[in-house]
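Reviewing the structure listed below.
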Amino acid sequence: MILPEIAKLGHIALVTPNLEKSLWFFRDVIGLEETEEKDGTHYLRAWGDFEHHTLSLTAGDRARVDHIAWRTKRPEDVEGFASLLEKAGTEVEWIEAGHEAGQGRAIRFKLPSKHPFEIYYDVEKPTAPEELKSKLKNQTYKSWRKGVSPRRIDHVNLATNMDPGGIHTWLSDNLGFKLREYIKLPDGPVVSGWMSVTPLVHDIAVMGDTANAGPNRLHHLAYWLDNAQDLLRAADIISEEGIKFTGPGKHGISQAMYIYVQDPGSGHRVELFTNGYLIFEPDWQPIEWTPEDMELGLTYWGENAVIGNEETTEA
């Protein structure tokens, strides 16, 4: 029997109490391109994203995450995950094709922490309008057309006041994520972990957060910039709009450079992310960090990274 596999992070669906301001932030400041608007939901992607969308925005009475979506390696993997999850005692809901613009049939379910996930395979990959289309056959839109202009979606980071180590184990046992780096208390539990199904050092992170009530919080979503110069350019663009941010800095964990900025319409936090390293070794052993390492691990240099004592939004 071939076990179902997740290929990559697909998209994140956000709800915002101020849709107009959130659209301005993600379209004009961050620089995402809007694929379409359907039934009040706006679907966006970066210039290097191929799928129909990597972000959707919908108006609501409070900021929250509707779902975080993952694409499988094969069409039959969606049903395969549905079967495995149900056997493991997870309630699975089928979402019919067309319910979400540009996407085929999918399943939705919740982690033990109640973070809402979606798994799909079939998805549209529309070309860009002719006036926005790149001349490169391997690129969707013209790059650097507006705003920060990240290339692609990169990862999500979840926060919980539950045992994060238990969530890491669940993600590994049920969805096939591999632990890459983690923080462990001396003779105690794992309090944060970075996991992936790709060579990225993390497609998802789950960190303990006792400062914010609730098991299912979104700490941030991340978009990828090609290099450090792009990150410094992003700092100028965000500053010109009068938006405060944290960074630039460099993580020890992941070795990546960052800026953290919050959408003024919703409070959802975005990390602009670059550099770092990739993992190709099939026998990779997860890297352990301790609380004594954290000054180096979270902020190798630069302005201190945003961690669990900052406000997070509900997932």
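Donor-acceptor pairing under 3.5 Å is recorded for the side chains of Thr313 and His268. In summary, the side chains of Ser22 and Thr16 do present a donor paired with an acceptor at a separation below 3.5 Å, with no hydrogens or angles considered. Residues His52 and Glu124 bring no donor and acceptor atom of their side chains to less than 3.5 Å of each other. A donor-acceptor pair shorter than 3.5 Å cannot be found between the side chains of Ser134 and Trp47. With 3.5 Å as the limit, one finds a donor-acceptor pair spanning the side chains of Tyr120 and Glu51.
Put simply, the side chain of Leu85 reaches to within 4.5 Å of the side chain of Asn174, judged on heavy atoms. Two residues are said to be in side-chain contact when any heavy atoms from C-beta on lie closer than 4.5 Å; Val65 and Leu221 fail this criterion. Using a 4.5 Å cut-off on side-chain heavy atoms (C-beta onward), Ile12 and Leu14 make contact. Put simply, the side chain of Leu44 does not reach to within 4.5 Å of the side chain of Thr54, judged on heavy atoms. When side chains are defined from C-beta on, Val270 does not count as touching Asp263, because their heavy atoms never get closer than 4.5 Å. Looking at heavy atoms from C-beta onward, Trp194 lies out of side-chain contact with Leu200 at the 4.5 angstrom threshold. Using a 4.5 Å heavy-atom cutoff, the side chains of Glu241 and Asp28 are not in contact. A 4.5 Å side-chain heavy-atom check between Val190 and Pro164 finds every atom pair outside the cut-off.
Among Arg269, Glu271, His219, the one residue that satisfies the side chain to side chain donor-acceptor pair (under 3.5 Å) test with Tyr260 is Glu271. For the pairing with Arg27, the salt bridge (charged side-chain N to carboxylate O under 4.0 Å, His left out) check across Glu37, Glu34, Glu20 returns one residue only, Glu34. Exactly one residue among Glu79, Glu96, Glu118 makes a salt bridge (charged side-chain N to carboxylate O under 4.0 Å, His left out) with Arg105. That residue is Glu96. Tested against His53 for a side chain to side chain donor-acceptor pair (under 3.5 Å), the candidates Glu100, Glu36, Gln103 yield a single pass: Glu100. Tested against Glu314 for a side chain to side chain donor-acceptor pair (under 3.5 Å), the candidates Arg62, His115, Arg217 yield a single pass: Arg62.
Leu171 and Met162 fall into different hydrophobic clusters, defined by Ile, Leu, Val, Met, Phe, Trp and Tyr side-chain heavy atoms under 4.5 Å apart, directly or through other members. Hydrophobic clustering (ILVMFWY, side-chain heavy atoms < 4.5 Å, transitive): Ile167 and Ile204 are in one cluster. Note: the hydrophobic cluster containing Val197 also contains Leu175 (ILVMFWY, side chain heavy atoms under 4.5 Å, direct or indirect links). Cluster annotation: Leu23 is not connected to Tyr43 through the hydrophobic network of ILVMFWY side chains, with a link wherever side-chain heavy atoms come within less than 4.5 Å.
Ser192 contributes atom OG, which lies 9.0 Å from atom CG of Leu185 (distance to the nearest 0.5 angstrom). Annotation: the span from Tyr141 atom OH to Arg45 atom CZ amounts to 3.5 Å, rounded to 0.5 Å. For the atom pair NZ of Lys250 and CG of Leu296, the computed distance is 10.5 Å after rounding to the nearest 0.5 Å. Rounded to the nearest 0.5 Å, atoms CD1 (Ile30) and OH (Tyr223) are 9.5 Å apart. A distance of 12.5 Å separates CD1 in Ile95 from CD1 in Ile119, rounded to the nearest 0.5 Å. Rounding to the nearest 0.5 angstrom, the gap separating the CD1 atom in Ile183 from the CD1 atom in Ile287 is 13.0 Å.
Sorted by first and then second residue, the ring pair (Phe, Tyr, Trp, His ring centres under 6.0 Å) pairs involving residues 157-188 (not counting sequence neighbours) are Trp70-Phe177.
Shortest non-hydrogen contact noted between Glu33 and Leu132 is OE1-CD1, 4.0 Å. Across every non-hydrogen atom of Leu225 and Thr274, the tightest pair is O-OG1, 2.7 Å. In terms of heavy-atom proximity, Phe81 sits nearest to Pro4 at CZ-O, 3.5 Å. Asp154 and His202 make their closest contact through OD2-O, 4.2 Å (heavy atoms, listed as atom of the first residue, atom of the second, distance). Nearest heavy atoms, Leu272 versus Ala234: CD1-CB, 4.0 Å. Contact between Met195 and Leu179 at its shortest, heavy atoms only, is CG-CD1, 3.9 Å.
Without hydrogens or angle criteria, Asp77 side chain to Glu5 main chain gives a donor-acceptor distance under 3.5 Å. The main-chain N or O of Asp226 is found under 3.5 Å from a side-chain atom of Asp230 such that the two form a donor-acceptor pair. Of the possible polar contacts, one joining the Glu181 side chain to the Ser254 backbone as a donor-acceptor pair under 3.5 Å is found. In this structure, the side chain of Lys146 engages the main chain of Leu32 through a donor-acceptor pair within 3.5 Å. Between the side chain of Thr41 and the backbone N or O of Thr58 there is no donor-acceptor pair closer than 3.5 Å. Judged purely by atom type and a 3.5 angstrom limit, Lys142 uses its side chain to pair as donor or acceptor with the backbone of Glu131. A donor-acceptor pair under 3.5 Å is absent between the side-chain atoms of Lys38 and the main chain of His42, judged by distance alone. Under the 3.5 Å distance criterion, the side-chain polar atoms of Trp284 are matched with a main-chain donor or acceptor of Arg180. For Asp236 (side chain) and Arg233 (main-chain N/O), no donor-acceptor pair under 3.5 Å exists by modelled atom type. Here the side chain of Ser149 pairs a donor or acceptor atom with the backbone of Trp144 at under 3.5 angstrom.
The neighbour count for Gln139 CD, taken as heavy atoms of other residues, nucleotides or ligands under 6.0 Å away, is above 12. Under a cut-off of 6.0 angstrom, the local environment of CD in Gln255 is crowded, with over 12 non-hydrogen atoms contributed by other residues, nucleotides or ligands. Crowding of Lys178 atom NZ: a count of heavy atoms from other residues, nucleotides or ligands under 6.0 Å not exceeding 12. Taking a 6.0 Å sphere around CG of Asp187, one finds it holds 12 or fewer heavy atoms contributed by other residues, nucleotides or ligands. Within a 6.0 Å radius of NZ in Lys8, more than 12 heavy atoms belonging to other residues, nucleotides or ligands are found. Residue-environment remark: NZ (Lys114) stays at or below the threshold of 12 foreign heavy atoms within 6.0 Å.
Judged by the 6.0 Å distance and 45° axis criteria, Arg71 is positioned over the aromatic ring of Tyr121.
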